[in-house]
Undergrad: 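Handing you a structure now.
This one's a predicted model, so the numbers in the text were calculated from it and none came from an experiment.
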Amino acid sequence: MADTLEKREAELQRLSSAIDQSPESIVMTDPQANIIYVNKAFTRVTGFTPDEVIGKNPRILQSGETQPGTHQDLWATVAAGKVWRGEFRNKRKDGSLYDELATISPIMQADGRVTHYVAVKQDVTEKKRMAAELEAHRNHLEALVHSRTYELSVAKDAAEVANRAKSTFLANMSHEIRTPLNAVLGLSHLLAHSPLSPQQHERLDKIAGAGKHLLQVINDILDLAKIEAGKVDLQSGIFSPAAILQEVNTLISDSAQKKGLSIHLDHAGLPARVVGDATRLRQSLLNLAGNAVKFTTHGSISLRGEVLSEDKARYQLRFIVEDTGAGIAPTKLPLLFTAFEQLNNSASREFGGTGLGLAITRHLARLMGGEVGVESTLGQGSCFWLTIRVGRSNANDLAAHVVPGLSAESTLLQRLLPAQILLAEDDPINGEVAVELLTRVGCQVDVAVDGEKAAKMAATRNYDLILMDIQMPVMNGFKSTDLIRQLPQHKNTPILAMSANVMQSDRERSLRHGMNDFVPKPVDPEQLYATLLRWLPMVENAAPPVAPPEKAYTPLPAGELAAKLKGLAELLASGDIASAAMFSQLEAHLAHRFGAAVAPLKAAISEFDYEVANQLLAELVEAAPEIGGIA
């Protein structure tokens, strides 16, 4: 019996120690809620000693800030013999407030009587403080994110507005410059077909060259905008890569000669004809070659082209531009192909430029399936290279309507059915140029000076084709086209936008408004004629054209003819299909001097046998000592 009592006492002692040392506050009351026991944790949390609270009601801890109704709910629950759980906002002995979670249980005897209440309470003041700080921090972060998001949204909207403003500015600038430039180049082209002295021809060529240079500057600016927007599009056509290299050589030759530089050209390894974007290749090579001349003070420039690889459908070509200039320091090489970068400010002042050309060249090379690079030794020179991928070409790649061996203009003269054209153009000079170009190939032209007049004229006549300027007074070309398309007789009439607004968005908008094609200004005559070939009815299996009435013939001076024949020989040697167009311009002069002997030469060019054509041309010139050699 004694052992049993000792065991019970030992067990009670353990339980008492556990309760007294518990980290949670433990309070025991009698049925009237008078405190009969508190543990050490209670004293630590509240500051009250056991002697100060035993015999008193727990309300001595109340602060008045506990949620209303909490105590009523507590007593209703425990009175029903259930366990209550809730939260108090209590007050310590020193008057400070604290929060605690409480679990209060009634202690019931076997007969159902409640003899005691036990409260186990946890101080959660610090947890709630940390939770409040975290909540405040989270709210701050949310507010910060909201603020940053709003700022980014504002910045994005501002950037979009700025981008639209820039695009609008570029489009307007392009239009305002291209419109008068169209008149300069158009009138120069018309004058070139007039009887002029050699000096006048030379000066006219210089005017046209300056106009084309200005056009290239505008195109470069627009290229930059397109590159930034990722909207550069490649055009596909047949060209001779050797002829492009030769053309670049010609374009830099004057500048090179003025500096005493020699130019070495090697294009023997290039294919005769390929399919790709000749304009973008020419632009890229001219950027590299122009820089070579600019930064070379003595020595030479080398232009080379070769085939890196080929298969049944494509070639991979590499072009090399090498100079004996100052060279580039290794630390400067990574900057070369970055937009607006110069090697240094002094280079910019001495040589000019913005550093834009190489950045455009890299982008264009990548669009053409290739890359650009450079190797350079300071003080010895630089070697820039460019690779592209192009398609193979054959005679079937030529436009279906073009007569072999003839330019688009000559083909129109031979095959075009009588065509009535409506030209909507508000600029008088540009209208004059367009009318002259159209009537030259046999078209009859009516002119409307604004979009409203164009729509009214279209309602009264069945036109074969309509050339529609976009930006006009009274009514623009888009609205005019919308009205014309509502006319039954013009639902399918070809309508070609002809405008100085050359942004891709302008082209796309033209198509959305029912236009069929786009002719950019300044108008390139051959491009205009090639476009007309696609949309105007042609005579099938046409007989040779009837010769026009005899006109007073104005022969070219022997020296001028010799120079043009030399150019023709170079085109034939390179296999460039542009030789057909050049031959058509010289055919009358050759026939005047050589008569029927020109026929085999014309036949060879028509059959794309340029090697034989070049031999025949050399034989003709050799038989005419007054012309002089073409070698």
Side-chain angles (χ1 to χ4, degrees), residues 14-30 33-54 56-108 114 116-162:
R14 287 196 297 272
L15 290 174
S16 176
S17 297
I19 292 173
D20 197 43
Q21 297 178 27
S22 169
E24 312 294 344
S25 294
I26 297 177
V27 179
M28 183 177 293
T29 71
D30 60 20
N34 298 312
I35 298 174
I36 62 174
Y37 172 83
V38 293
N39 69 349
K40 293 179 181 178
F42 175 87
T43 299
R44 184 178 68 251
V45 172
T46 67
F48 288 104
T49 65
D51 292 340
E52 293 173 322
V53 296
I54 289 177
K56 296 181 179 179
N57 191 287
R59 68 172 60 95
I60 64 172
L61 301 175
Q62 291 181 8
S63 65
E65 296 189 18
T66 299
Q67 281 282 354
T70 300
H71 293 93
Q72 290 88 334
D73 180 61
L74 159 65
W75 287 111
T77 302
V78 296
K82 298 179 181 179
V83 176
W84 180 87
R85 293 180 178 86
E87 183 175 329
F88 298 120
R89 177 77 163 162
N90 283 340
K91 182 172 65 176
R92 297 185 180 95
K93 181 180 177 180
D94 63 6
S96 62
L97 303 180
Y98 69 101
D99 298 293
E100 61 181 1
L101 290 175
T103 302
I104 300 177
S105 307
I107 306 298
M108 304 180 70
V114 175
H116 302 86
Y117 295 103
V118 177
V120 180
K121 300 188 287 184
Q122 179 186 10
D123 184 355
V124 294
T125 307
E126 186 64 17
K127 288 184 178 180
K128 291 191 69 173
R129 184 190 66 79
M130 293 179 62
E133 287 184 358
L134 287 173
E135 179 67 14
H137 185 60
R138 184 181 68 81
N139 291 335
H140 174 69
L141 286 178
E142 287 182 352
L144 191 62
V145 169
H146 178 75
S147 174
R148 292 291 185 268
T149 301
Y150 175 74
E151 290 172 0
L152 288 173
S153 177
V154 171
K156 177 176 177 291
D157 291 342
E160 289 177 351
V161 169

Undergrad: Within the distance-only criterion (no hydrogens, no angle test), does the side chain of Asp99 pair as donor or acceptor with the backbone N or O of Arg129 below 3.5 angstrom?
TA: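 Such a contact is absent between Asp99 side chain and Arg129 backbone.
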
Undergrad: Can you sort out the partners of Ser63 under side chain to side chain contact (heavy atoms under 4.5 Å, CB included), two or more places apart, ordered by chain and number?
TA: Glu65, Arg89, Lys91, Leu97

Undergrad: Can you check salt bridge (Lys or Arg N to Asp or Glu O under 4.0 Å) on Glu100 and Lys128, steps first, answer last?
TA: CA-CA 10 Å; Glu100 61 181 1; Lys128 291 191 69 173; over 6 Å; no

Undergrad: Can you name the closest pair of heavy atoms from Pro58 and Ala33 and give their distance?
TA: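 Of all heavy-atom pairs spanning Pro58 and Ala33, the closest is CD-O, 3.0 Å.
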
Undergrad: Quick check for you: to the nearest 0.5 Å, what is the distance between Ile26 atom CD1 and Gln21 atom CD?
TA: 11.0 Å

Undergrad: Please round to the nearest 0.5 Å and tell me the distance separating atom CD of Glu24 and atom CG of Asp123.
TA: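 Glu24 CD to Asp123 CG: 9.0 Å, rounded to 0.5 Å.
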
Undergrad: Does Lys127 have any salt bridge (charged side-chain N to carboxylate O under 4.0 Å, His left out) partners at least two apart in sequence or in another chain, and if so, which?
TA: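 Testing Lys127 for salt bridge (charged side-chain N to carboxylate O under 4.0 Å, His left out), a comparison that skips the adjacent residues, returns none.
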
Undergrad: Can you sort out the partners of Lys56 under side-chain hydrogen bond (donor to acceptor under 3.5 Å, both in side chains), two or more places apart, ordered by chain and number?
TA: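 Not a single residue meets the side-chain hydrogen bond (donor to acceptor under 3.5 Å, both in side chains) criterion with Lys56.
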
Undergrad: Which residues pass the side chain to side chain contact (heavy atoms under 4.5 Å, CB included) test with Asp51, not counting sequence neighbours?
TA: Thr49

Undergrad: Listed by chain and number, what are the salt bridge (charged side-chain N to carboxylate O under 4.0 Å, His left out) partners of Lys82, not counting sequence neighbours?
TA: none

Undergrad: Please list, chain by chain and in numerical order, all residues satisfying side-chain hydrogen bond (donor to acceptor under 3.5 Å, both in side chains) with Arg92, sequence neighbours excluded.
TA: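 Expected list: Ser96.
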
Undergrad: Strictly by ring-ring contact (aromatic ring centres under 6.0 Å, His included), give each pair with a member in residues 129-154 just once, sequence neighbours left out.
TA: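 As it turns out, there is no ring-ring contact (aromatic ring centres under 6.0 Å, His included) pair with a partner in residues 129-154 once direct neighbours are skipped.
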
Undergrad: Heavy atoms only: give me the nearest Ile36-Asp30 pair and the separation to one decimal.
TA: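 Result for this residue pair: CG2-N, 4.1 Å.
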
Undergrad: OG1 of Thr29 to OH of Tyr37: how many Å apart, nearest 0.5 Å?
TA: 14.0 Å

Undergrad: Quick one: side chain to side chain contact (heavy atoms under 4.5 Å, CB included) partners of Glu151, sequence neighbours excluded?
TA: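 Result, side chain to side chain contact (heavy atoms under 4.5 Å, CB included) vs Glu151: Ser147, Arg148.
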
Undergrad: Just jot down the ring-ring contact (aromatic ring centres under 6.0 Å, His included) partners of Phe42, sequence neighbours excluded, or say none.
TA: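 Applying ring-ring contact (aromatic ring centres under 6.0 Å, His included) to Phe42 gives none.
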
Undergrad: Working to the nearest 0.5 Å, report the span between CZ of Arg44 and OG of Ser25.
TA: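 Going from CZ on Arg44 over to OG on Ser25, the span is 7.0 Å.
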
Undergrad: OG1 of Thr43 to CD of Glu52: how many Å apart, nearest 0.5 Å?
TA: 8.5 Å

Undergrad: In chain order, what residues pass the side chain to side chain contact (heavy atoms under 4.5 Å, CB included) check against Thr70, with sequence neighbours excluded?
TA: Thr66, Gln67, Trp84, Phe88

Undergrad: Which residue is it: Ile104, Ile35, Val118? I am looking for the one with a side-chain contact (heavy atoms from CB on, under 4.5 Å) to Val27.
TA: Ile35

Undergrad: If every non-hydrogen atom of Ala41 is compared with every non-hydrogen atom of Pro23, which pair is closest and at what distance?
TA: CB-O, 3.7 Å

Undergrad: Just to verify, what does Arg138 make a side-chain hydrogen bond (donor to acceptor under 3.5 Å, both in side chains) with, not counting sequence neighbours?
TA: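 Partners of Arg138 under the side-chain hydrogen bond (donor to acceptor under 3.5 Å, both in side chains) test: Glu135, Glu142.
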
Undergrad: With sequence neighbours excluded, tell me which residues meet side-chain hydrogen bond (donor to acceptor under 3.5 Å, both in side chains) with His71.
TA: Gln62

Undergrad: Let me confirm one number: the CD1-CE distance from Ile54 to Met28, rounded to the nearest 0.5 Å.
TA: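 Taking CD1 in Ile54 and CE in Met28, the distance rounds to 11.5 Å.
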
Undergrad: Tell me if the CE atom of Met108 is crowded by more than 12 foreign heavy atoms within 6.0 Å.
TA: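 Counting neighbours around CE of Met108, more than 12 heavy atoms of other residues, nucleotides or ligands fall under 6.0 Å, so yes.
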
